[in-house]
2 protein chains.
Amino acid sequence: MASRSTQILEAAARVIARRGVRGLRVEELAAEAGVSTGLIYYHFKDRTGILRHTLEFINDRAERYTTERDPEAEPLTAREELDEVLLLELQDTPEVRENSSAWGELRASAVFDPILREDLARATLVWVQEVAALLGQVQPMAPAATLAAAAERLTALLEGLSMRWLSGGLAIEHARALLREAVEVELTALRKP
Amino acid sequence: MASRSTQILEAAARVIARRGVRGLRVEELAAEAGVSTGLIYYHFKDRTGILRHTLEFINDRAERYTTERDPEAEPLTAREELDEVLLLELQDTPEVRENSSAWGELRASAVFDPILREDLARATLVWVQEVAALLGQVQPMAPAATLAAAAERLTALLEGLSMRWLSGGLAIEHARALLREAVEVELTALRKP
DNA sequence: GTCTATATTTCGATAGAC
DNA sequence: GTCTATCGAAATATAGAC
């Protein structure tokens with residue numbers, strides 16, 4: 001199941017999280033994945049190919065740990081699920097750190113690399129819509145456009161906070177508190193415009 | 001007045017805006033500035049030196065266009081000034097685009113480059129405090145910690161929106177609208193906790 | 001599909017003349 | 001202070017054997 005490609009992509013996510021997109025050296029990636037550089041070029045044409053596939057991979061993985069839940073556990077209320085979806089991205093665990101920092105890197109790279117833009121825009125849209133849907137469950141009377149705007153703000157804020165956390169200017173607990181308050185503030189605003 | 005160093009730094013800001021920090025080649029910078037690579041190394045020790053000084057430069061410049069106002073013009077109310085300080089960073093003019101994209105790049109680079117972290121953290125702090133002070137003028141009854149938190153959220157949101165704008169997923173007008181609403185929402189929350 | 005070895009390119013950095 | 005010329009070190013990418 002863990003095919004060679006997957007193994008390489010997992011390694012790529014680790015390397016990007018550690019060194020950044022700009023710091024990803026094919027040779028280091030090879031070492032991390034325990035394969036040769038030749039094999040990497042065999043599977044992913046060139047450096048850009050590696051990056052593109054890694055974005056996709058990161059993305060799928062984030063979707064998984066964001067969505068999947070223990071089937072035993074009590075079902076969450078919409079409000080709890082909302083907090084969960086957002087706060088899961090602000091945790092100091094290796095996997096989340098990896099995902100967040102790779103995501104930030106890819107976002108930053110997309111500014112200068114049109115090839116990455118499309119995938120990124122699509123992934124962002126899916127995420128915003130998910131959050132908007134949850135906001136709608138908490139505040140069913142709010143108009144769709146208002147919900148969408150709040151979702152865009154919350155997700156953009158999360159990205160901003162995440163960058164500050166990763167670049168060392170903001171403690172993770174403080175970042176989480178700020179995000180929680182933002183959810184509160186936005187929900188209050190949705191209640192009576 | 002426009003010394004050689006300044007001329008090089010202006011060119012660096014342009015190159016970073018166009019190619020990113022990771023895309024900044026000393027040779028391209030030399031061409032853009034109309035000088036030799038040797039001269040660049042004479043003025044700024046090494047590549048990291050270029051980056052550090054460019055961050056400082058970008059920073060000063062942003063402070064200027066953020067703070068400076070036509071002395072003829074009517075003085076702004078605190079609320080207007082607040083909108084101005086924030087929205088000035090979301091404009092599709094060459095100078096702002098340059099500044100924003102260089103800022104985003106430097107932020108992203110700082111995740112993997114400890115040398116950049118300190119300068120960045122300091123600059124961020126100054127900015128957050130400025131915004132907090134303005135919020136305090138609009139809502140004088142709000143406690144300092146609450147003001148600080150709102151300022152952190154608004155500036156982090158701005159950074160997030162800015163990245164989405166620059167990476168092509170968000171129209172500038174929409175980004176501005178979202179930010180304006182966020183200011184509104186935060187001010188409302190400050191009014192009665 | 002995978003590896004080893006190597007060709008090729010790119011880029012940061014320096015030496016030395018002016 | 002500034003330029004020209006060049007070195008040397010990565011780093012990307014390919015060729016060819018297995």
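Just so you know, these numbers use all the heavy atoms, side chains as well, and skip hydrogens, waters and symmetry mates. Below, chain A is the first sequence line, B the second, and so on; all start at residue 1.
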- Roughly, in whole Å, what's the span from CD1 in B/I40 to P in C/dA13? 12 Å
- Item | Distance test, side-chain N/O of A/Y41 to OP1/OP2 of D/dA13, below 4.0 Å | yes
- Query: Taking atom P of C/dG12 as reference, at what distance in whole Å does atom CD of B/E28 sit?
  - Reply: 10 Å
- Query: Of all the nucleotides listed (C/dT2, D/dC3, C/dA13), which has the minimum atom distance to the side chain of A/Y42?
  - Reply: C/dT2
- Query: Rounded to whole angstrom units, what separation is found between the CG atom of B/D46 and the C1' atom of D/dA9?
  - Reply: 15 Å
- Atom-pair distance (CZ on B/R22; C1' on C/dG12), nearest Å: 18 Å
- Message: Using a 4.0 Å heavy-atom cut-off, does A/I50 contact any base of the nucleic acid, only the sugar-phosphate backbone, or nothing at all?
- Response: nothing
- Does OP1 or OP2 of C/dC11 have a side-chain N or O of B/R47 closer than 4.0 Å? no
- Item | Salt bridge flag under 4.0 Å for residues B/E159 and A/R164 | yes
- Query: When you measure from the side chain of A/L39, which nucleotide among D/dC3, C/dG1, D/dG1 comes out closest?
  - Reply: C/dG1
- NZ/NE/NH1/NH2 to OD/OE distance under 4.0 Å, B/R69 and B/E81: no
- Query: What is the distance from CD of A/Q7 to C1' of C/dG1, rounded to the nearest Å?
  - Reply: 13 Å
- Closest listed nucleotide, where the reference is the side chain of A/R25 and the choices are D/dA11, D/dG1, C/dA13: D/dA11
- Are A/R61 and A/E98 within salt-bridge range, i.e. N to O under 4.0 Å? yes
- A/E27 atom CD is separated from D/dA9 atom P, nearest whole Å, by 15 Å
- Note on the structure: In whole angstroms, the gap separating P of C/dC11 from CZ of B/R19 amounts to 10 Å
- Query: Is B/F44 linked to B/Y41 within one hydrophobic cluster, defined over Ile, Leu, Val, Met, Phe, Trp and Tyr using a side-chain heavy-atom separation of less than 4.5 Å?
  - Reply: yes
